[in-house]
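Step one of this worksheet: look at the structure below.
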Amino acid sequence: MSDPTSLQPVFIALQANNDTLPIVEAIQADNPHAVVQDYPAMVKIDAPGSLVIRRASIEERIGRDFDLRELQLNLISLSGGIDETDDEFILQWKAA
C-alpha cells in the first residue's frame, strides 16, 4: 500500500521578475509533473508529491554560481516539508 502523503500537493510561489525567470525554467525542466501558474506579480508552481529545485539546473541557466538560499530573496510562500542540501531544495510531505 502506498503512503497517502506521497501525492499530497506542494507548491512554491516566487515574485515574478527577471531574477526568477531562470529559476522557474529550471524547476519546470526538473519537474515535468509540475504546473506553473503566472499571476501579475507572482509565479506559483504546484506539484503532486514533491518538487525538487536543483542548484546545478539554475546555474546552467544563469551562468554563475548559485546558492539555494538565494531563493529566499524572491520567495513569497511555500507549502510542504523542506529538505535542503547545498545541491537540492526539496518540498514534500512526509508521514509522521
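Every heavy atom of this structure was used, including side-chain atoms; hydrogens, water molecules and symmetry mates were not.
V24 and V35 fall into different hydrophobic clusters, where Ile, Leu, Val, Met, Phe, Trp and Tyr residues are linked whenever their side-chain heavy atoms come under 4.5 Å apart, directly or through other members. Both L75 and L91 are part of a single hydrophobic cluster, where members link through side-chain heavy atoms under 4.5 Å apart.
Between L71 and L14 the shortest heavy-atom distance is O-CD2, 4.3 Å. Q15 and L73 make their closest contact through NE2-O, 3.7 Å (heavy atoms, listed as atom of the first residue, atom of the second, distance). Closest non-hydrogen pair, I76 versus M42, comes out as CD1-CG, 3.7 Å. When every heavy atom of D19 is checked against every heavy atom of N74, the shortest pair comes out as CB-ND2, 3.9 Å. Between A34 and I45, the closest heavy-atom pair is CB-CG2, 3.8 Å. Closest heavy-atom contact between E59 and F66: OE2-N, 2.9 Å.
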Go through the steps for V43 and L21 under the test side chain to side chain contact (heavy atoms under 4.5 Å, CB included), then give the verdict.
-> CA-CA 9 Å; V43 177; L21 286 175; over 6 Å; no

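In this structure, L78 and L51 have side chains that are not in contact, with every pair of non-hydrogen atoms separated by 4.5 Å or more. F89 is listed as a side-chain neighbour of I82, based on a closest heavy-atom distance under 4.5 Å. Contact annotation: the side chain of P22 approaches that of I62 to within less than 4.5 Å [non-hydrogen atoms, C-beta and beyond]. Contact of the L68 side chain with the E84 side chain is registered, since non-hydrogen atoms from C-beta on lie closer than 4.5 Å. Considering only heavy atoms from C-beta on, V52 stays 4.5 Å or farther from D30 through its side chain.
A donor-acceptor pair under 3.5 Å is formed between the side chain of T85 and the backbone N or O of E88. Side-chain atoms of S79 do not come within 3.5 Å of backbone N or O of F11 as any donor-acceptor pair. At distances below 3.5 Å, not a single donor-acceptor pair connects side-chain atoms of W93 with backbone N or O atoms of V10. Without hydrogens or angle criteria, N31 side chain to H33 main chain gives no donor-acceptor distance under 3.5 Å.
With a 6.0 Å radius and a threshold of 12 heavy atoms from other residues, nucleotides or ligands, R69 has its CZ atom at or below the threshold. With a 6.0 Å radius and a threshold of 12 heavy atoms from other residues, nucleotides or ligands, D86 has its CG atom at or below the threshold.
Note that CD of E70 and CZ of R55 are 11.0 Å apart. Values are rounded to the nearest 0.5 Å. For the atom pair CZ (R64) and CD1 (I58), the distance works out to 9.5 Å, reported to the nearest 0.5 Å.
For D83 and K94, the salt-bridge test passes: some basic side-chain N is under 4.0 Å from an acidic carboxylate O. One finds no salt bridge joining R54 and E25 here, because no Lys/Arg side-chain nitrogen approaches an Asp/Glu carboxylate oxygen to under 4.0 Å.
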